[in-house]
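Quick note: residue numbers are just sequence positions, from 1.
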Amino acid sequence: MSSSVAPPATYTRAFATNISKYQNDAAALLELHTEYDAYVSSSREIEEELESSLECLTLEVVSLRRERDAAITSMGAARAEASSGIEALSRARTDYQQSSTSLRDAEQRLDEQERRARTAEHECATLNEEVEKALERCVLLEEELAEMVEWERTVRRRDDEEAASLRGEVAALLKRLAAAESERAIERKGSWSNQCNFCK
């Protein structure tokens, strides 16, 4: 004996609902799968881009590290140079102070030398005036001496002339005296002769 049992209506409706839900889920799953495939594809591209970017960043990091190391080395050298520069600046300041002191001393000595030079110049001017006055006196004395020499020559010529005249007069007087003595001698001789003749 066979009998067919019809499914209840609630089961049919539930089955239809489940199928519809399954179909919706399948469509959603297919859509998700499509989106997943697209995501995977885009992820690969992004991954490749990220790898490329990472490689570039790695190269940049290596370059930056090298630059950093070079900068550190340069910084060390710069610090050494700065230290040396500070020491040189300190020495330069000390030298400048010493130079300033020497310069002030030199300026003081220069002022003293200028003062002495002005004093010496004033003394030279005074001496020049005195020398000029002395030269003027010398010129006057030379003129007076020349006049005295000329006067002495004139007096000497006059004295020579007077002496020559006196010598001539003396010579004449001597001649007259000699003549007079000769006459007296003759007279005396004649007088003695007469006396001798008278005595005889």
Side-chain angles (χ1 to χ4, degrees), residues 60-199:
E60 289 181 2
V61 168
V62 172
S63 177
L64 289 174
R65 284 178 180 176
R66 290 177 181 175
E67 291 179 359
R68 182 200 62 185
D69 295 337
I72 292 173
T73 303
S74 299
M75 186 180 296
R79 286 179 180 175
E81 290 179 359
S83 178
S84 177
I86 291 172
E87 293 178 357
L89 179 61
S90 178
R91 290 194 299 270
R93 286 177 178 174
T94 303
D95 294 338
Y96 174 75
Q97 293 175 354
Q98 293 177 354
S99 298
S100 298
T101 303
S102 300
L103 181 60
R104 285 194 296 271
D105 294 339
E107 289 177 350
Q108 292 177 356
R109 290 195 297 270
L110 181 60
D111 292 338
E112 181 65 19
Q113 290 178 357
E114 289 179 351
R115 185 185 64 79
R116 292 180 180 177
R118 288 192 296 270
T119 303
E121 185 177 357
H122 179 69
E123 292 178 354
C124 287
T126 304
L127 288 175
N128 286 329
E129 292 178 357
E130 293 179 356
V131 168
E132 289 179 357
K133 292 179 180 179
L135 290 174
E136 291 177 357
R137 289 196 297 271
C138 287
V139 171
L140 294 175
L141 290 174
E142 287 177 354
E143 292 177 355
E144 293 178 357
L145 180 60
E147 292 177 356
M148 290 180 65
V149 168
E150 185 62 27
W151 177 80
E152 184 179 358
R153 288 176 181 174
T154 302
V155 170
R156 187 176 296 171
R157 284 195 300 269
R158 185 179 61 190
D159 291 343
D160 291 340
E161 291 175 357
E162 290 179 356
S165 178
L166 289 174
R167 282 194 295 271
E169 291 179 359
V170 168
L173 289 174
L174 289 174
K175 287 180 180 180
R176 291 173 62 186
L177 181 60
E181 288 180 352
S182 178
E183 289 177 359
R184 287 180 184 177
I186 293 171
E187 289 177 356
R188 287 178 182 173
K189 186 176 180 181
S191 176
W192 282 103
S193 299
N194 294 327
Q195 289 178 2
C196 288
N197 291 328
F198 180 76
C199 291

Distance in Å, [X] [atom1] paired with [Y] [atom2], rounded so as to fall on 0.5 Å steps:
{"X": "Leu135", "Y": "Leu141", "atom1": "CG", "atom2": "CG", "answer": "11.5 Å"}
{"X": "Arg68", "Y": "Arg65", "atom1": "CZ", "atom2": "CZ", "answer": "6.5 Å"}
{"X": "Asp160", "Y": "Ser165", "atom1": "CG", "atom2": "OG", "answer": "12.5 Å"}
{"X": "Arg184", "Y": "Leu177", "atom1": "CZ", "atom2": "CG", "answer": "7.5 Å"}
{"X": "Glu132", "Y": "Asn128", "atom1": "CD", "atom2": "CG", "answer": "6.5 Å"}
{"X": "Glu152", "Y": "Leu145", "atom1": "CD", "atom2": "CG", "answer": "9.5 Å"}

Heavy-atom distance under 4.5 Å between the side chains of [X] and [Y], does that happen here?
{"X": "Lys133", "Y": "Arg137", "result": "yes"}
{"X": "Glu136", "Y": "Val139", "result": "no"}
{"X": "Leu166", "Y": "Glu169", "result": "yes"}
{"X": "Ser83", "Y": "Glu87", "result": "yes"}
{"X": "Thr154", "Y": "Arg157", "result": "yes"}

**Message:** Ignoring hydrogens and geometry beyond distance, is a side-chain donor-acceptor pair present between Ser63 and Arg66 at under 3.5 Å?
**Reply:**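 Ser63 vs Arg66: no donor-acceptor pair found between side chains.
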Any sub-3.5 Å donor-acceptor pair from [X]'s side-chain atoms to [Y]'s backbone N or O?
{"X": "Thr119", "Y": "Arg115", "result": "yes"}
{"X": "Thr94", "Y": "Ser90", "result": "yes"}
{"X": "Ser102", "Y": "Gln98", "result": "yes"}

**Message:** Between Arg118 and His122, is the side-chain contact (heavy atoms from CB on, under 4.5 Å) condition met? List the steps.
**Reply:** CA-CA 6 Å; Arg118 288 192 296 270; His122 179 69; over 6 Å; no
**Asked** Would you find more than 12 non-hydrogen atoms of other residues, nucleotides or ligands less than 6.0 Å from Glu121 atom CD?
**Response**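 No, not enclosed.
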